[in-house]
Protein chains: 2
Amino acid sequence: MTLQELKYIIAVAESRHFGRAAERCFVSQPTLSGQIKKLEEELGVVIFERTNRSVEITPVGEAILAHARQIMEQADTIQQLAQAQQDPLAGPLRIGAIPTLSPYLMPLILLPLTRQHPQMKLVLSEELTDTLLERLRNHEIDAALLATPVSEGELDSLALFDEPFWIAYPRNHPFYEKEKITRRDLDKENLLLLAEGHCLARQAMEVCHIRERQRQGEMADLRASSLETLLQLVGAGFGCTLVPALAMRGSWTTDSGVVAQPLALPDASRRVSLVFRHSYPRQRALRAFAEVMLDNLPNTVQLVDPGRRAKKKTGRKQ
Amino acid sequence: MTLQELKYIIAVAESRHFGRAAERCFVSQPTLSGQIKKLEEELGVVIFERTNRSVEITPVGEAILAHARQIMEQADTIQQLAQAQQDPLAGPLRIGAIPTLSPYLMPLILLPLTRQHPQMKLVLSEELTDTLLERLRNHEIDAALLATPVSEGELDSLALFDEPFWIAYPRNHPFYEKEKITRRDLDKENLLLLAEGHCLARQAMEVCHIRERQRQGEMADLRASSLETLLQLVGAGFGCTLVPALAMRGSWTTDSGVVAQPLALPDASRRVSLVFRHSYPRQRALRAFAEVMLDNLPNTVQLVDPGRRAKKKTGRKQ
DNA sequence: TTATATCGATAGAGAAAACCGATAGAAATA
DNA sequence: TATTTCTATCGGTTTTCTCTATCGATATAA
């Protein structure tokens with residue numbers, strides 16, 4: 001049995017004429033006759049009772065026809081499903097992001113995204129890097145916004161931007177007087193860190209040349225579970241900390257006694273990338289998503305493609 | 001899209017392994033890979049996301065799969081429909097019969113039929129010859145029991161038996177004294193006839209050498225609408241009439257003052273045949289039906305195949 | 001009755017496809 | 001590094017589908 005054969009019997013049943021049915025199916029009449037005969041032989045059933053001047057469907061034929069119509073309907077639905085999917089942006093895109101990035105980046109891009117790609121739907125999740133990588137491998141999410149590099153064989157990543165780390169300290173702190181804060185300044189400080197598992201904690205230690213062991217002894221009991229908590233701790237005078245630039249776009253200085261200022265260190269930043277499975281089929285959708293992100297980032301971050309901002313402006317003028 | 005391709009994606013989805021799926025479909029792995037790739041290209045959609053060590057179905061693939069399963073289910077149903085139909089006796093057989101035959105023949109065969117072919121279902125109808133022929137042409141019935149010959153190009157007929165005409169007359173009629181009734185006797189009689197349209201009326205006139213015109217003038221007002229009525233008229237003394245042998249198997253003589261006796265005329269009979277469309281596909285079912293009929297006829301009729309009764313008896317002894 | 005037209009079935013040839021075995025290529029495992 | 005395990009790819013073969021041309025039967029028209 002073939003979908004084609006079912007199409008043929010539907011055509012014959014509706015036109016009650018082999019010639020016209022063949023025409024409707026864009027095949028010759030012998031082709032159609034042959035195929036129907038083949039189907040009838042395969043099923044061992046006569047579907048059409050035909051003489052030279054009449055084609056009538058048998059009772060079994062009628063029953064078969066009903067199912068054939070349903071099959072063709074289902075097949076149509078499959079075609080339509082595929083068609084709807086053709087727009088690579090359509091269909092929900094499941095994106096995960098790390099907690100030190102998601103709450104500050106997503107608000108910047110959600111509105112522009114719905115403006116530029118109204119058909120695109122996002123399903124967001126916020127998890128630690130390791131969890132995101134596992135969900136990525138399990139096909140539970142389509143892509144993740146991470147601080148890279150991450151070592152994963154079957155994952156590809158698209159580098160988006162470098163996000164500098166700022167130093168946050170209480171207003172009564174000596175840093176408040178300084179214009180430039182160097183690494184030597186940092187070495188003397190009590191650096192507050194995020195809880196285990198946050199990549200930002202490890203990166204902050206690297207920037208400040210703090211070794212794991214040294215840290216553990218010192219202040220294992222003072223690790224915050226979120227950036228917001230961390231800044232509360234800073235405001236309460238427990239120390240200072242490194243925060244990613246995007247988290248500092250509010251008016252933290254005036255509100256809570258916490259001052260943030262850029263670090264005068266060349267490598268005090270993290271590279272944010274969009275990570276996805278090497279075999280992921282809708283990479284065009286991901287790229288469109290990334291484009292919108294890059295077009296809506298503040299100047300506090302440096303795009304990996306430095307020519308991008310210029311391009312964007314000239315693009316708008318044309 | 002092909003039913004085969006849908007089978008393939010179902011197999012891959014269920015085994016999550018191209019090699020094993022191919023094995024399950026009795027094809028080689030390259031064949032299956034190629035077919036799935038072709039389907040994906042045709043739909044413009046990736047159904048399976050595959051790496052060297054994992055095969056995962058995409059969300060669209062999942063949706064397509066659901067419909068594919070429904071399609072295969074419908075296809076299975078078609079196969080089963082055809083299978084059930086394979087028994088040519090199964091499925092209702094729509095049989096029409098003329099009114100002068102049906103009430104006397106059918107009671108003889110219904111019981112033996114259900115005994116011999118329990119799966120066979122009959123749908124009976126009783127109409128005049130012309131109506132039956134038209135319903136036959138319109139595919140509203142599958143076969144008709146008629147007095148033949150009937151001139152119809154696209155119809156075939158299977159001759160069953162010759163049913164003699166008997167003469168029925170009131171008990172006080174001079175025929176009661178006679179042992180043999182010849183055509184010369186008939187000529188003098190007032191012959192009652194069935195209403196227009198009954199083939200029996202025409203046949204009776206032919207047997208008695210009555211011409212149409214002559215008849216019309218004489219007794220246009222005395223034509224019965226059924227054999228029962230006709231016999232009532234005979235009993236009431238309005239004349240005598242010809243009745244087919246099967247209608248005379250009861251005890252008419254004693255009950256109603258009507259006497260029936262065979263005619264001593266060689267051609268005073270009608271040939272009863274099973275008539276069906278030349279293109280009718282279930283002729284084996286008809287033949288089985290005819291066999292049961294022939295095996296259960298009384299000796300008052302002559303089978304067309306004279307060796308039949310003997311065969312039947314020897315058959316039972318073995 | 002004889003020509004003409006219509007319709008489905010059939011025959012033979014050509015084109016398309018499905019399929020297979022062998023093998024490449026990539027990744028994990030030993 | 002060698003081996004194993006997968007899927008993808010490559011030629012070549014076989015099957016199937018499709019075509020044109022034609023037959024045979026029937027109905028219509030002359």
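In the text below, chain A, chain B and the rest are named by the order of the sequence lines, each starting its count at 1. Keep in mind it's a predicted model, so treat the numbers as computed, not measured.
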Exercise. Just checking T51(A): base, sugar-phosphate only, or nothing, at a heavy-atom cut-off of under 4.0 Å?
Worked result: sugar-phosphate
Problem set entry | Residues in side-chain hydrogen bond (donor to acceptor under 3.5 Å, both in side chains) contact with T148(A), at least two apart in sequence or another chain | S273(A)
Problem set entry | Which residues share a salt bridge (charged side-chain N to carboxylate O under 4.0 Å, His left out) with R137(B), sequence neighbours left out | E152(B)
Would you list the protein and nucleotides 28-30 of chain C atom pairs, both N or O, that sit under 3.5 Å from each other?
from, atom 1, to, atom 2, distance (Å)
dA28(C), OP1, R53(B), NH1, 2.8
dA28(C), OP1, R53(B), NH2, 2.6

For this session: Could you run through nucleotides 9-19 of chain C and give me one letter per nucleotide, 5' to 3': B if any protein heavy atom sits under 4.0 Å from the base, S if only the sugar-phosphate is that close, - if neither?
Result: BB------SSB
For this session: Report the residues that fulfil salt bridge (charged side-chain N to carboxylate O under 4.0 Å, His left out) with K38(A), sequence neighbours left out, ordered by chain and then residue number.
Result: E5(A)
Problem set entry | salt bridge (charged side-chain N to carboxylate O under 4.0 Å, His left out) partners of R16(B), counting only residues at least two apart | E56(B)
Problem set entry | Comparing H17(B) and H278(B) on DNA chain D - which has the more 5′ nearest nucleotide | H17(B)
Seminar exercise, completed: For Q119(A), the side-chain hydrogen bond (donor to acceptor under 3.5 Å, both in side chains) test, sequence neighbours excluded, returns D87(A)
Problem set entry | Set of side-chain hydrogen bond (donor to acceptor under 3.5 Å, both in side chains) partners for T77(B), sequence neighbours left out | none
For this session: List in chain and number order the residues that pass salt bridge (charged side-chain N to carboxylate O under 4.0 Å, His left out) with D162(B), two or more places apart in sequence or in another chain; answer none if no residue qualifies.
Result: R271(B)
Determine all donor-acceptor pairs shorter than 3.5 Å in which one atom belongs to a side chain in residues 122-135 of chain B; sequence neighbours excluded.
from, atom 1, to, atom 2, distance (Å)
E127(B), OE2, R135(B), NH1, 2.8
R135(B), NE, E140(B), OE1, 3.1

Exercise. What closest approach, in Å, do A143(A) and F276(A) show between heavy atoms, and which atom pair accounts for it?
Worked result: CB-CB, 4.2 Å
Seminar exercise, completed: Bounded by its outermost nucleotides with an atom under 4.0 Å from a heavy atom of chain B, the footprint on DNA chain D reads dC6(D) to dT9(D)
For this session: Go through the structure and list residues passing side-chain hydrogen bond (donor to acceptor under 3.5 Å, both in side chains) with Q74(B), not counting sequence neighbours.
Result: H67(A), Q70(A)
